[in-house]
2 protein chains.
Amino acid sequence: MSRASALTIGDLAAATGTKVETVRWYERVGLLPAPPRTEGNYRAYDAGHLRRLGFIRRSRELGFTVAQVRELLDLADQRDGSCGQVDFLARAHLTTVEQKISDLMRLAHELHEMIGQCDCGTVAECRIIDALSPHSSM
Amino acid sequence: MSRASALTIGDLAAATGTKVETVRWYERVGLLPAPPRTEGNYRAYDAGHLRRLGFIRRSRELGFTVAQVRELLDLADQRDGSCGQVDFLARAHLTTVEQKISDLMRLAHELHEMIGQCDCGTVAECRIIDALSPHSSM
DNA sequence: ATGCACCCTGTAGCAACTATAGGGTCAAGA
DNA sequence: TCTTGACCCTATAGTTGCTACAGGGTGCAT
C-alpha cells in the first residue's frame, strides 16, 4: 500500500493462480521469502516475489516435489554455476513420471479387462467382485 | 492360539503382504471387522478375515481409494443385489486412471522438451531454469 | 528366569496443501 | 461518522493412506 508497486497477498495469489493460504504456506516452509510488512501488518510483495512464486507454481505444475523445487530455486540463484545439476534433477523427475505412466497403464489395462467381463447380473456372479477377490489372482 | 485355525495379526499380514500396523489401521477405519481376542488380548483372525483383507489389498493395488473399497465391500456383501453399481464404480475409476495417464503424458512431453534444449552451460543460460520461469509461459 | 519375537495402545509424522476459528485493517458509501 | 464488506492476520486441525515410534504386555524356548 505504501509504495506504488507493492502487491498484497491476494494480488500475488490471483496473478499466479494460487490460493492465499498456499502462498502463506510457501513462506512458512521457506520456498518464498517473507516480504516486508505494511503499517497494518499486511505482507507487501514486489516483482521479485512474483517471479519466484511463478517459478514455484510452474515447477509444481510439472510435478516436481516441494523439496525438488527448493533445490531448483537454490540452483537458479547461482546464476554463474553449472546447470548440470538442474539437468540431472529434471531427468530424474522425467524418469519418475515415466514410471508412473507405465504403472497406471498396467492398472488401466487390468481394470479394462475386469470391466469387460461383467455381465451386470447379480453381485454373486459379478466378475468384477470376483476379480477383486483373492482366490482369483492377477 | 486357542483354536486350530486362528491367525495372529502377523500371520494375516504376512499372508497378504501387508504391514501389521496397516492391518490395525484398516480395523480402526472400519474396513476390516474387529476380530475376537485371545486370553492375552491378541487379535484372533479366521479365514473370513483373510479373504476380506485380500479383497481390500487387491482393490487398493488397483488404485481404488479406501472410500471406494468400503463401497465395494458393502456391495460385495449384498450377494443377491445387482452388480450395476459395482460396474459403475469400476468404470468411474478407470476414467480417473485414464485421465491421470494423459495428464502425466503431457507432463513427460513438456519435461522432455525442456531437457532437450539444455546445453548444460551455466545456470544463467540454462533453458530448463528458463522454461520454469514465469515469463516463458506454457 | 530370562531372552527374544511377537503383540498391545496411543500418538506423531509424511506430502502439499486446504479449511476453519477468531480476530484486525482498509476503503467506500449512507 | 459510522458501518458494511472485502480483504488481511495468526494458529490450529483436517485431508489420504498409511508408517513409525514409545512404552509397555505375552508367549515360548532355553
N/O (side chain, [X]) to phosphate O (OP1/OP2, [N]) under 4.0 Å:
X       : N      : value
A:Arg37 : D:dT10 : yes
A:Thr38 : C:dT25 : no
B:Thr22 : D:dT19 : yes

Nearest listed nucleotide, side chain of [X], among [options]:
X       : options                : result
A:Glu21 : C:dT20, D:dT19, D:dG17 : C:dT20
B:Thr8  : C:dC7, C:dA16, D:dT19  : C:dC7
B:Arg60 : D:dC9, D:dG17, D:dT19  : D:dG17
A:Ile9  : D:dC18, C:dA16, D:dC8  : D:dC8

*Take B:Thr8 and B:Tyr45, measure what side chain to side chain contact (heavy atoms under 4.5 Å, CB included) needs, and give me the verdict at the end.*
CA-CA 6 Å; B:Thr8 66; B:Tyr45 295 100; over 6 Å; no
Atom [atom1] of [X] and atom [atom2] of [N]: how far apart are they, to the nearest Å?
X       : N      : atom1 : atom2 : answer
A:Trp25 : D:dA13 : CH2   : P     : 18 Å
A:Arg43 : C:dC26 : CZ    : C1'   : 17 Å
B:Asn41 : C:dT9  : CG    : P     : 6 Å
B:Arg28 : D:dT19 : CZ    : P     : 13 Å
B:Tyr42 : D:dT26 : OH    : C1'   : 4 Å
A:Lys19 : D:dT15 : NZ    : P     : 16 Å
A:Glu39 : C:dA27 : CD    : C1'   : 15 Å
A:Asp11 : D:dA6  : CG    : P     : 17 Å

*Indicate, with a heavy-atom threshold strictly under 4.0 Å, whether B:Arg24 touches base, sugar-phosphate, or nothing.*
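Since a base atom lies under 4.0 Å of B:Arg24, the category is base.
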*Reckon B:Tyr26 touches a base, only the sugar-phosphate, or nothing at all at heavy-atom distances under 4.0 Å?*
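It contacts sugar-phosphate atoms only.
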*Please test A:Cys83 against B:Cys118 for side chain to side chain contact (heavy atoms under 4.5 Å, CB included), starting from the C-alpha separation and ending with a verdict.*
CA-CA 9 Å; A:Cys83 81; B:Cys118 181; 3.4 Å; yes
*Quick one: on DNA chain D, does B:Arg57 or A:Glu27 contact a more 5' nucleotide (nearest heavy atom)?*
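In this pair, the answer is A:Glu27.
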*Check ion pair B:Glu110-A:Arg58 (N to O, under 4.0 angstrom)*: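 Here B:Glu110 pairs with A:Arg58 in a salt bridge, since their nearest N and O are under 4.0 Å apart.
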*Dump the intermediate steps for salt bridge (charged side-chain N to carboxylate O under 4.0 Å, His left out) on B:Asp87 and A:Arg127, then the final yes or no.*
CA-CA 10 Å; B:Asp87 192 70; A:Arg127 306 306 234 100; over 6 Å; no
*Under the salt bridge (charged side-chain N to carboxylate O under 4.0 Å, His left out) criterion, do A:Arg43 and A:Asp11 qualify, and how do the steps go?*
CA-CA 11 Å; A:Arg43 286 168 180 84; A:Asp11 295 338; over 6 Å; no
